[in-house]
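Lettering follows sequence order; numbering is per chain, from 1. Nothing here was measured: the structure is a model prediction, and the numbers come from that model.
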Number of protein chains: 2
Amino acid sequence: MRDVATMAGVGIATVSRVVNGKPVTPDLAERVTRAAEQLGYRQDLTASSLRRADRRTHTLGLVLEDAANPFSAALHRAVEDAAAEHGMLLLAGSTDEDPVRERGLLKTFTARRVDGLIVVPTGQNDTDLDAARRAGTPVVCVDRRTTAPQVDTVTVDNRAGVRAAVQRLHEAGHRRIAFLGDLRSIWTAQERYTGFVEGLATVGCVLHPSLVRRGLHGAEAAQAATHDLLALAHAPTALISGQNLLTIGARRTLQELQLQRRVALIGFDDLSLADLLEPGISVIAQDHAAIGKEAASLLFERLEGEGGPARHRVLPTRYLARGSGELPAPEDR
Amino acid sequence: MRDVATMAGVGIATVSRVVNGKPVTPDLAERVTRAAEQLGYRQDLTASSLRRADRRTHTLGLVLEDAANPFSAALHRAVEDAAAEHGMLLLAGSTDEDPVRERGLLKTFTARRVDGLIVVPTGQNDTDLDAARRAGTPVVCVDRRTTAPQVDTVTVDNRAGVRAAVQRLHEAGHRRIAFLGDLRSIWTAQERYTGFVEGLATVGCVLHPSLVRRGLHGAEAAQAATHDLLALAHAPTALISGQNLLTIGARRTLQELQLQRRVALIGFDDLSLADLLEPGISVIAQDHAAIGKEAASLLFERLEGEGGPARHRVLPTRYLARGSGELPAPEDR
DNA sequence: TTGAAAGCGGTACCAC
DNA sequence: GTGGTACCGCTTTCAA
């Protein structure tokens, strides 16, 4: 920039003004532009944000469970689009549910002075979220609630979604309904299980502890658990899976045993191609894009000075009937 | 930092040393650490990289087609893991195949002084890639070649993959094989089509122009195109789809017409759940993780001073036989 | 409107 | 080993 100023025969401040589009005599602006081009000048945003009065870096930190999974990817994209509208960019990282990694990401994001954070919290690190917020970086939690105070959250109504699924299965005659749940440390896994329990209570159905398998992580774990369940003397006639990969694992086992048309299955969260299976997999779907958009908008409000108490947005889920959740209980036949 | 120095009663330089883990008398280090904690001091990496001799920001820029699609997501994660090993973070953005957005991302990434760029190029902006490289930011292109000189690339052997698929179909008796291709501007779409043409030539089969549908983007376009193809007087007995979403669209139409067991289908790039469909979708799979890892490693070599000519890594594809590609041509029955 | 100079939060060099 | 100081590239007073 100094070189550009010298070459254009103007002060360094004038170059800054031109670069930032502030009013400058056209003649000077022209000279600056030309000199900049000739010298191959490239603005340094890191230096500029350092000196700028608002200290904004126009960067958001995004802490995901795993950038590779469809939920995270959709969230990433939704947040990215919202961010782009505000001229902001995304710094993203994956925790793999590891609180140590989460802490590391939070630390380096704040050290890089991101303007705000959107986090899918592992749930084992809430003090760090609070620390970030108190250090002046607004935080919005997504997909899961947090115990950190004054942190906005965007979640879906997990309980209601699962409750409704239980009711549907019950109406179709199912009495032995099994539940597959993710790691207990994950907030949504707890909520969905609670929804399952509530649903059974609502329809007046007993909860068979042997039909509940929690703490499963990944498709293989669900596949094995489903095998176990179906080998029981009183095997379930319907399955509710509390997460994406678990649904895949469950369905895989059903197909191995040729039971996909006999044992009902409802999964939480939609799956690509689920509608092309036979029967299609019925799911409790969440609107990923809406979640991301809402999170971003809460964050931007904070950045614009909104100082009120924590806000908690709860979005609805939507049941997509595709066949696997509509299979009648065998007794009905 | 100045406050910490004052509080600890040491020079500002000493604080810097402590923060950076450089040798300092334990007593002083202790005092600094305590003061830092008490004042809630948080290191500012943006300021530090500004003054640091190497000017490194420990940030990589990742330009994707669409952060939400599985290919991009897998790539993102693979690069993230490699970056993390080097203490680096990722700044990511989506182009949606729009060269204007690509240019914007390239510009703001370099303005933020990323240490390197990993780009899935739209193919309509190669001068910007070159500009970035000449400005001192190493660039690695991924998934697609580029005409920009001195830019390393990582791609898969698209032609060989499609060629082999054509041969398989031919061996199964298919003579009327259709091709569904993505936007012509996309390098891989060109390559895969070339592989199709080469494959037909190899087996001595004629290329029916009416069976080629290129310039399709997204599942719906493929769905419609497949409808058209199957309505032809001499309809194809097999389909090769040149991209993920196109495969989904094609399969959807096949199932609508109940033809998924009569018309063969081979897709490029794997799909989650493809193995659970009946019949399963056979695909020409690429190893996303390996692609991302290789790209990252090429980039890190550049960052460590590797100055040779552009290197082009070509990874193999793998055919996954699942049924849809193994259906015999009707004449055989 | 424009330019000189101070300073954002650090690091690197230098003399002690 | 430690502290003082110049300075990274830029924005922001402030005086001209």
**Student:** Taking only N and O in the side chain of B:Thr14, is any of them less than 4.0 Å away from OP1 or OP2 of D:dG3?
**Tutor:** yes
**Student:** How far does the helix from C:dT1-D:dA16 to C:dC16-D:dG1 bend, going by the axes of its first and last five pairs, to the nearest 10°?
**Tutor:** 40°
**Student:** Are B:Thr46 and B:Asp44 linked by a side-chain donor-acceptor pair shorter than 3.5 Å?
**Tutor:** yes
**Student:** What I'd like to find out is whether the side chain of A:His86 reaches to under 4.5 Å of the side chain of A:Glu304, using heavy atoms alone.
**Tutor:** yes
**Student:** Mind checking the OG1-CG spacing from B:Thr146 to B:Asn125? Nearest 0.5 Å is all I need.
**Tutor:** 9.5 Å
**Student:** Are B:Val4 and B:Val32 side-chain neighbours, meaning at least one heavy-atom pair lies under 4.5 Å?
**Tutor:** yes
**Student:** Report yes if the side chains of B:Ser72 and B:Val120 come closer than 4.5 Å at any heavy-atom pair, otherwise no.
**Tutor:** no
**Student:** Which residues pass the side-chain hydrogen bond (donor to acceptor under 3.5 Å, both in side chains) test with B:Gln43, sequence neighbours left out?
**Tutor:** none
**Student:** Which of residues 131-139 of chain B have a heavy atom under 4.0 Å from DNA chain C?
**Tutor:** none
**Student:** Go through the structure and list residues passing side-chain hydrogen bond (donor to acceptor under 3.5 Å, both in side chains) with A:Thr188, not counting sequence neighbours.
**Tutor:** none
**Student:** Quick check for you: name the first and last nucleotides of DNA chain C, 5' to 3', having an atom under 4.0 Å from a heavy atom of chain A.
**Tutor:** C:dT1 to C:dG9
**Student:** Would B:Asp287 and B:Lys293 satisfy salt bridge (Lys or Arg N to Asp or Glu O under 4.0 Å), going step by step from the backbone distance to the final call?
**Tutor:** CA-CA 10 Å; B:Asp287 186 341; B:Lys293 194 173 174 184; over 6 Å; no
**Student:** Produce a footprint string for nucleotides 7-16 of chain D: one letter per nucleotide, 5' end first; B if the base is under 4.0 Å from any protein heavy atom, S if only the sugar-phosphate is, - if neither.
**Tutor:** BBBBBB----
**Student:** Hey, could you give me the CD1/CD distance between B:Ile186 and B:Glu97, rounded to the nearest 0.5 Å?
**Tutor:** 3.5 Å
**Student:** Under 3.5 Å, is there a donor-acceptor pair between the B:Asp182 and B:His217 side chains?
**Tutor:** yes
**Student:** In the structure I gave you, are the side-chain heavy atoms of A:Thr59 and A:Arg112 within less than 4.5 Å of one another anywhere?
**Tutor:** no
**Student:** So, taking the atom named CG in B:Leu62 and the one named CG in B:Leu64, what distance separates them when rounded to the nearest 0.5 Å?
**Tutor:** 4.0 Å
